Structures are given as structure tokens and as C-alpha cells.
2 protein chains.
Amino acid sequence: MAEDQKKRRGFRRAPADRRRVELMEATLRIIASRGIEAASVRAISAEAGVTPGLIRHHFESKEELIGAAYAHHMEVLLRACVDVLEEVRDGPVERLASFVRRTLTPPVTGSQEVQLWAAFIEKIGHDPKMRQVHMDSYREFRQVLETLISAALFELGEAASPIRIGQLAIAVNAVLDGLWLEGSILPEQFPNDELVRIGLQSVSGITGVPLVQKDVAKQ
Amino acid sequence: MAEDQKKRRGFRRAPADRRRVELMEATLRIIASRGIEAASVRAISAEAGVTPGLIRHHFESKEELIGAAYAHHMEVLLRACVDVLEEVRDGPVERLASFVRRTLTPPVTGSQEVQLWAAFIEKIGHDPKMRQVHMDSYREFRQVLETLISAALFELGEAASPIRIGQLAIAVNAVLDGLWLEGSILPEQFPNDELVRIGLQSVSGITGVPLVQKDVAKQ
DNA sequence: CTTGCTATTATACGATCGTATAACAAAGGG
DNA sequence: CCCTTTGTTATACGATCGTATAATAGCAAG
């Protein structure tokens, strides 16, 4: 008969940077799939395939892990965005249109993305670090939009002042945020690529950059 | 010397409806001011001036209380919105403009409002009841917008099809959502009534309804 | 092969969570 | 004035939370 030997779980050592990323991404998966309330240190560590204690070895607190995961997520999102822009060989107008399309179609849209986003937004009201992460990522997104809009207007011979470019970027960012949100939460309300069509049409209306054929846009 | 008599706390009885509303509003205050994580049954009951057990006498679970609070909040918000519209004696175009202004200024904007909103949105991904509340309130808001936009376009002699009205309402709702969000989270980025100006300008661009003087809008 | 470092596991602790249950008391009707 | 009803308090329980601490073991260096 087997003696009741306590077998200690085997493991592999990983460099700190790698393990930190694994833990952050496990955190994101848990929040996205089961909500922020389910994101306990035990659930996260189980998702990452490690034991709970390891979290506090790599992060000072659960709060710091959440904040780091937020920053990591936004970084990945922005990187994907910039990479997409560099792929497009077309002119500035088509680049702006591509950006709109990419923003309003999966995998950028999706209920899990919204759940992640909402969970983080809820914290920025009472967590200065989360607020700072939000401000940084928001500013970077806006700068990308300003570049796109400025280039598109310049190509059309309607170059605008930096102040106006900034206003347009805010407005476009807002409409994209809102459409992304509604399209992600209630996708069944937007058959096919209606979301994209409304987005292109709205951005056209705001900036004056023609992104859709007008006869099609009217109906 | 006084014997250590355990004095039972005095209280007043309230009709069930009244008490339920008190508990829901206490819940909203807690979530808005301290976040969803702080909204424990103990914190909520303390805020409402009662003991924790009472919550489970009026609600089957904390989850049900949260859902009821969400529905109550959206109901109050929509009611305030409709009341505002009924006050305005101006024409359809000015009514639409008033609606935009009201949406993008306090007390509709505000970090606490965002915190409430984000806390609820985060739940609709894994809570069918919260999802239903969202769908209902979203639909009602959209219908109000459709009415406003339709009337404004009709007055301008540019009456549009119901399908197009629906698309416009979605787009306007999206841009208002996005601007409301950003203006509420980072109010310092929008001095004075710049948020309102961008909103009016964007809604004009989307719907074609002139809500701003063009010379002012350009700079 | 041995040694040292530290990433990782194992275990435990106190706090707080949502919930269950029973005693108490406020309010209205006989 | 008593009695019934039920809104309300008081208390307790088990589960789970984030965190602290010590033991273990992977892995590179010597």
C-alpha cells in the first residue's frame, strides 16, 4: 500500500518578465470571460497554471496586477492599431477608412472586449494609477487619429488648424467609441457591416472627408 | 452603575415599496462614490440607515438589488430626459439642440455617473437580467432620439425614411455616448462648453440638421 | 557534483463576504 | 387593550477573499 507521501507539485522557473506577462494575460482572460468579480488571485493563478502565492511574488498586490494588466492590454491594442496602419499602402483617405473599419469589426469589437474595458473604466474614478493608464492610452489613440485626419484633410486640400484637428479627433474618437460600444454589447442590432457603414458615414459627416459613396449612403 | 443592558436599536417601519427604493438609491450612492467593490450588503445597509438583514427581506439576493438599482437609475434618467423635452417650447431643431446640451453637461455628465454606468455595463456580459435592463433602456433612449431627429428633419423639409432615421439615431446616440463618456472621465480636457460645441457640431454633421452657426463652427 | 540564489509551492491567518435563522417590535384592526 | 402581522434587528455560520510566512526545488555558476 502506498504511503501517503505529500507530492509537491512540479514547476518550471521562468524569467520574471515572462511570468509577469503570463499573469497579466491570465488576468485579462478571466476578467473578459467571467467578469471582474471572478478575478480573484486564486482564479487568476489557476488560469495561469501557477499557485496563488506566486502573484504576490511578482506583484506587490492584486491591485498592482490589475493595473499592469490594464496597461498591457492597452499597449497591445494600440500596437495592433499602428501595425495595421503601416500595412495599408493606400492614400490617407483610405487609411482613415481602414482605421474605422478595423475599429468596428471583430476582434476589436466583441462582448469580452467591452467587459474588459468596462471593468477598467469603473476603477479609474477611485484609483489614481488606473486613471493615469487611461489618460495615457487615450492620449495616444487621439494622436493617431489626429495624424490620420490631418493627412486626409491635407490630401483633399482642406488643411485645418491644429486646434480644429484636435476637435475633430475628439469627435471622431467619441463616435467610434460609442459605436464600438453599442456594436459590441448588442451585436444583433447591427446586421452585416451596418456598424461600419454608420461609422464611415458619421466620420464623413464630422470631418468632411468623403469615406462613402453618397448615393449608397442615403439608403 | 448601569447594568450592561443590550439596547436594541429603534427603527421605523416603512411600506415595502418605499424601503425598496431607499435601498436601491443607497446602492447607487455607494457604487457612484466608492465603486462596485465597496457595494457590500453591509455598506449599502449602513448607507440606507438600516441593518444588513433587511436587504434580504426586501430582495432575494444582493444580485437582485443591484439589478433593481440599475433599472431604477435608468428609469430616473430617462424620465428626467423626457421631462426636459416637454419643458422646451421651441421648435424641433432647438429641441434636438437642447437634448444634446443636456446630455453633455452636468449633472448628466460626471465621474460618478460614469462609475455607475461602467459598473453596470461590466455585468451585462454574464448576467442576463442586467443585459435585459440595458437593452430596454437603450431602446427607449433610441426611440426618444428618433422622434427628435425625425421632427427636426421634417421641419427642414428633409423628411427621411424610418430606416434612415433609425441609422441616424444610432449614430447620434453613439457620438453622444462617446462624448459623454470622455467628458465625464476627463473633464479637464474640455474647457468651458467645448464638449457641447463638439457635440452639436458632430450631430449636425451626422444628421444634416444645422445646430450651430457655421462661421463659429469652423473656428 | 556541489553550492547558492530565488522562483515557486504549501499552508495558514484574519478579515470580510453573502446568506440563514430566530427573536424582537412597530403598527393597525378587532 | 390585546393580538396578529411582518418589517426589522441581532447573531451566527461557512465560504472565500487578499495576504503573510516558511519550506521546497529548479537552475545556473563554480
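First the proteins, then the strands, lettered A, B, ... as listed; each starts at 1. These numbers come from a predicted model, not from an experiment.
Within the structure, salt bridge (Lys or Arg N to Asp or Glu O under 4.0 Å) contacts touching residues 23-37 of chain A (residues at least two apart or in different chains) are A:Arg29-A:Glu47, A:Glu37-B:Lys123. Residue pairs that meet the ring-ring contact (aromatic ring centres under 6.0 Å, His included) test with at least one member in residues 49-71 of chain B, sequence neighbours left out, are B:Tyr70-B:Phe120. Applying the salt bridge (Lys or Arg N to Asp or Glu O under 4.0 Å) definition to pairs two or more places apart or across chains, those involving residues 99-117 of chain B are B:Glu94-B:Arg101.
Across all strands, B:Ser40 comes closer than 4.0 Å only to sugar-phosphate atoms, never to a base (heavy-atom distances). At a threshold of 4.0 angstrom between heavy atoms, the contacts of A:Arg19 are confined to the sugar-phosphate backbone, with no base atom among them. Residue A:Ala16 is classed as having no contact, given no heavy-atom separation below 4.0 Å to the nucleic acid.
Taking side-chain N and O atoms only, A:His57 has no distance below 4.0 Å to OP1 or OP2 of C:dT8.
Atom-to-atom, CG of A:Leu54 to C1' of D:dA25 comes out at 14 Å; the value is rounded to the nearest Å. One interatomic measurement links the two molecules: CZ of B:Arg20 to P of D:dT8, which rounds to 13 Å at whole-angstrom precision. Distance A:Ile55 CD1 to D:dT19 P: 10 Å, rounded to the nearest Å. The nearest whole Å value for the distance from the NE2 atom in A:His58 to the C1' atom in C:dT8 is 8 Å. Summarising the geometry, the separation between CD on B:Glu60 and P on C:dG18 is reported as 16 Å, rounded to the nearest angstrom. Spacing between atom CZ of A:Phe59 and atom C1' of D:dT19 amounts to 16 Å, rounded to whole angstrom units.
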All N/O contacts under 3.5 Å from nucleotides 23-28 of chain C to the protein, with atom names and distances to one decimal?
residue, atom, partner, partner atom, Å
C:dA26, N3, B:Arg13, NH1, 2.6

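Distance from the side chain of A:Arg42 is smallest to C:dA12 among C:dG18, C:dA10, C:dA12.
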What pairs of donor and acceptor atoms, side-chain ones from residues 178-191 of chain A against any protein atom, are under 3.5 angstrom apart with sequence neighbours left out?
residue, atom, partner, partner atom, Å
A:Trp180, NE1, A:Val108, O, 2.8
A:Glu182, OE1, B:Tyr138, OH, 3.4
A:Glu182, OE2, B:Asn173, ND2, 3.2
A:Ser184, OG, A:Gly110, N, 3.1
A:Ser184, OG, A:Trp180, O, 2.7
A:Gln189, OE1, B:Arg142, NH1, 3.2

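Of the residues in residues 61-70 of chain B, not one places a heavy atom less than 4.0 Å from an atom of DNA chain D. Sorted by residue number, the list of members of residues 23-34 of chain A with any non-hydrogen atom under 4.0 Å from DNA chain D is empty.
With sequence neighbours excluded, the residues that form a side-chain contact (heavy atoms from CB on, under 4.5 Å) with B:Ser45 are B:Val50, B:Pro52, B:Ile55. Residues passing the side chain to side chain donor-acceptor pair (under 3.5 Å) test with B:Arg95, sequence neighbours excluded: none. Every side-chain contact (heavy atoms from CB on, under 4.5 Å) that B:Thr105 has, sequence neighbours left out, goes to B:Val196. With sequence neighbours excluded, the residues that form a side-chain contact (heavy atoms from CB on, under 4.5 Å) with A:Arg79 are A:Asp83. With sequence neighbours left out, A:Asp17 forms a side-chain contact (heavy atoms from CB on, under 4.5 Å) with no residue at all.
Counting heavy atoms from C-beta on, the side chains of A:Leu85 and A:Leu148 come closer than 4.5 Å.
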Exercise. Could you walk me through whether B:Ile149 and B:Val203 pass the side chain to side chain contact (heavy atoms under 4.5 Å, CB included) check?
Worked result: CA-CA 10 Å; B:Ile149 295 171; B:Val203 174; over 6 Å; no

